[in-house]
Number of protein chains: 2
Amino acid sequence: MGRQVVNRKIFVSAKEVAHRAGVSRSAVSRTFTPGASVSEETRRRVVEAAEALGYHVNHLARGLMRNESGIVCLIVSELDTPYRASLIRALTRQLQSASKVAMLINTDRSDNSVDQALRQAISYRADASIILSGMPDKSITELCVKSGQRLVLINRDEQRDGALRINLHDREAARRAFIAFLRAGCRSFAFANSDVGTPSLMAREEGFRAAGREHGFEITIERYGPTRYQSGVVLAQRLLTREARPDAIFCANDLLACGLMDTARHQFRLTVPDDLCIIGFDDIEQSSWSSYNLTTFSQPVDRIAEEAVSWLAQPILSDENSCKLEAQLVWRGSVRGG
Amino acid sequence: MGRQVVNRKIFVSAKEVAHRAGVSRSAVSRTFTPGASVSEETRRRVVEAAEALGYHVNHLARGLMRNESGIVCLIVSELDTPYRASLIRALTRQLQSASKVAMLINTDRSDNSVDQALRQAISYRADASIILSGMPDKSITELCVKSGQRLVLINRDEQRDGALRINLHDREAARRAFIAFLRAGCRSFAFANSDVGTPSLMAREEGFRAAGREHGFEITIERYGPTRYQSGVVLAQRLLTREARPDAIFCANDLLACGLMDTARHQFRLTVPDDLCIIGFDDIEQSSWSSYNLTTFSQPVDRIAEEAVSWLAQPILSDENSCKLEAQLVWRGSVRGG
DNA sequence: GGAACCATTGCACACGCTTGCAAGAGCGTA
DNA sequence: TACGCTCTTGCAAGCGTGTGCAATGGTTCC
């Protein structure tokens with residue numbers, strides 16, 4: 001009947017375990033500290049007592065002492081996007097293998113929320129932060145680095161002292177996309193981009209345009225909205241109603257490509273790849289679905305996660321903090337003559 | 001040239017802020033504790049010093065003192081699945097609005113890893129854990145509850161004392177799916193399920209079969225693999241090669257439905273909805289893409305997240321810890337005569 | 001002017017843990 | 001027996017906070 005305030009948590013502490021096992025608190029602590037000096041007999045008794053009481057080392061207190069929380073913050077917006085989600089999955093896996101734990105911070109809200117997220121990371125004394133979306137203010141990243149917190153930037157191309165930058169060879173990939181179109185016999189090229197202007201997206205655009213120029217072709221460029229399916233729909237409507245309709249479209253992103261392809265087929269009655277060749281980027285799961293069967297570049301998410309986590313794990317910072325990975329071309333059916 | 005060990009973190013503490021502001025450490029603490037008694041003048045000086053030094057309250061230490069870490073664990077496997085990803089997105093949003101932070105634990109690995117995840121949650125003295133995948137052992141959930149940690153089970157139908165269970169009216173939804181098929185003129189019904197046997201999936205199967213029985217129809221049931229696209233492909237191959245080919249298939253899941261629909265169209269040359277009506281479940285983003293245009297039931301992810309977080313936030317546990325929400329039927333083009 | 005009250009502030013303890021240090025135990029050797 | 005060595009163990013300090021308690025100073029009221 002009583003209003004019971006449950007706020008009161010009552011976890012069992014090392015003291016209680018020590019009491020039950022008939023040893024000192026230090027012995028308990030050492031039992032759960034790899035490499036510490038404890039006799040086999042003591043360890044046995046401590047483990048038994050801990051088991052019986054349901055004891056778990058308090059990582060908050062341990063982090064306070066060791067000055068190492070084991071927490072790594074993942075800072076991301078729109079995390080339900082297929083590519084983002086699979087990257088998060090790979091990262092959490094790798095982090096857990098390295099005995100770290102991921103703290104997920106959603107920056108969907110406002111623009112400065114990446115800064116807020118980093119402050120959060122500092123408050124929890126995270127060992128590191130991995131930024132998948134947006135770009136924080138320079139002052140705050142400097143504070144992170146100065147405080148000894150590691151920083152990883154994935155597909156953010158900006159320079160930040162002391163941070164690890166992981167990027168893809170976007171320009172080279174774009175060049176290969178162009179060559180693929182050319183070999184397929186295409187003669188009118190377009191690039192479908194979002195208007196968010198992320199460096200990696202712009203690099204793809206630039207690389208594609210440059211490759212076109214080298215071969216004497218002018219590339220039609222259209223930009224609209226966020227990098228989502230619905231933007232692809234709009235981009236298709238803009239590109240496919242032009243007087244000189246492109247027969248090859250490189251999309252900044254698979255989501256754009258899906259929206260564009262659906263619209264090309266269902267609204268404009270075009271056949272892919274006969275009337276129109278399409279290449280995307282990311283190799284999200286949907287690209288392999290038979291409705292799309294999209295030729296695209298795969299992001300090596302496992303490699304990215306591996307690079308990030310192994311950099312975090314090493315005790316010594318190397319001088320070179322930039323890592324460029326290759327995006328592999330996945331041949332499917334949206335380009336003629338794969 | 002020196003091997004510089006960077007392990008050493010050097011965050012600024014309240015003591016330093018106090019020194020710079022010329023006040024006691026308590027004053028600093030009170031400045032950052034809502035509702036504490038500090039004069040306007042002191043607060044101003046403290047805030048200024050904190051700003052200058054880049055001070056952030058140590059949430060580890062605060063959590064230790066307050067016995068409330070602010071951490072909520074999300075325990076999930078296969079988080080790159082569209083439905084899971086959008087649920088996680090909604091949850092992180094809501095948690096952040098409630099000044100909590102999400103710790104993401106990936107349980108892809110082994111079977112007992114949900115138990116491991118909960119131990120992790122206990123170690124970090126999480127205020128609560130939200131379980132989206134799998135089911136932990138009873139002993140460990142009891143330990144959580146006994147320790148005063150909140151527990152939320154989403155779409156896990158098992159009873160656990162002290163935990164909040166959030167579920168959908170799966171059986172009722174399945175019944176409505178059957179009625180929709182019946183009204184569309186279908187006469188041969190099938191249910192396409194995965195073989196993982198999650199209670200909510202089984203409830204859909206059971207509800208669909210029961211509705212069929214009531215109307216004098218026997219339902220064909222096929223189960224295969226995980227709840228993913230590729231399983232839908234296999235299920236289509238099994239169901240559509242039967243002598244009595246179904247003209248209505250209710251899929252346990254949108255991913256299954258997408259795989260099944262693609263296969264029905266591209267491999268069996270069937271037209272949806274003329275030859276075959278399909279209904280899915282979850283309303284993932286892809287279902288609204290024009291290639292699928294799938295009639296399905298929407299999971300109210302925002303409502304789910306809201307329910308979960310508001311239950312965590314309230315200081316007093318109510319007696320009734322079960323919450324059933326309705327899945328809304330989203331009419332699209334995969335059933336005749338919507 | 002004195003009493004009563006209030007807001008503010010500093011002191012010191014507590015939270016649960018790790019770890020340096022010194023002491024104790026056990027043992028082999030001279 | 002005395003000595004030196006190794007392994008184990010307890011003590012106590014300290015990590016960065018929050019907060020009860022008492023002291024201080026200022027204001028109001030009689």
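Every chain is numbered from 1, with letters handed out A, B, ... down the list of sequences.
As a whole-Å value, the separation of B/Asn67 CG from D/dT19 P is 11 Å. Taking atom NE2 of residue A/His19 and atom C1' of nucleotide D/dG10, one finds them 17 Å apart after rounding to whole Å. Between A/Arg45 atom CZ and D/dG10 atom P the separation is 9 Å, expressed in whole Å. Rounded to an integer number of Å, the gap from NZ of A/Lys15 to C1' of D/dC11 is 15 Å. Between A/Arg66 atom CZ and D/dG14 atom P the separation is 20 Å, expressed in whole Å. To the nearest angstrom, C1' of C/dC13 lies 11 Å from CZ of B/Arg25. Rounded to whole Å, the distance from CZ on A/Arg44 to C1' on D/dT8 is 16 Å. For B/Glu16 and D/dG16, the CD to P distance is 8 Å, given to the nearest whole Å.
Of the possible polar contacts, none joining the B/Arg45 side chain to the B/Arg20 backbone as a donor-acceptor pair under 3.5 Å is found. Formation of a donor-acceptor pair under 3.5 Å by the B/Ser97 side chain with backbone atoms of B/Arg93 is found in this model. At distances below 3.5 Å, at least one donor-acceptor pair connects side-chain atoms of B/Lys9 with backbone N or O atoms of A/Asn67. The backbone N or O of B/Gln94 lies less than 3.5 Å from no partner atom in the side chain of B/Glu306, so there is not a single donor-acceptor pair.
How far OG of B/Ser86 is from CD of A/Glu78: 13.0 Å, rounded to the nearest 0.5 Å. For the atom pair CD1 of B/Ile131 and CG of B/Leu118, the computed distance is 4.5 Å after rounding to the nearest 0.5 Å.
With sequence neighbours excluded, no residue forms a ring pair (Phe, Tyr, Trp, His ring centres under 6.0 Å) with B/Phe11.
Proximity note for B/Thr42 (side chain, C-beta onward) versus C/dT8, D/dT17, C/dT18: the nearest is C/dT8. Side chain of A/Met65, nearest nucleotide from D/dG10, C/dT9, D/dC15: D/dC15. Distances were taken from every side-chain heavy atom of B/Asn58 (C-beta onward) to each of D/dA13, D/dT17, C/dG16; the shortest belongs to D/dT17.
Residues from residues 28-41 of chain B that place a heavy atom under 4.0 Å from any atom of DNA chain C, listed by number: B/Arg30, B/Ser37, B/Val38, B/Ser39.
Not one side-chain nitrogen or oxygen of A/Tyr124 sits closer than 4.0 Å to the OP1 or OP2 atom of D/dG16.
At a cut-off of 3.5 angstrom, counting only N and O atoms as typed in the model, there is no donor on one side facing an acceptor on the other between the side-chain of A/Ser13 and the base of C/dC15.
Taking for each of A/Leu64 and B/Ser26 the nucleotide of DNA chain C with the nearest heavy atom, the 5'-most of the two is the partner of B/Ser26.
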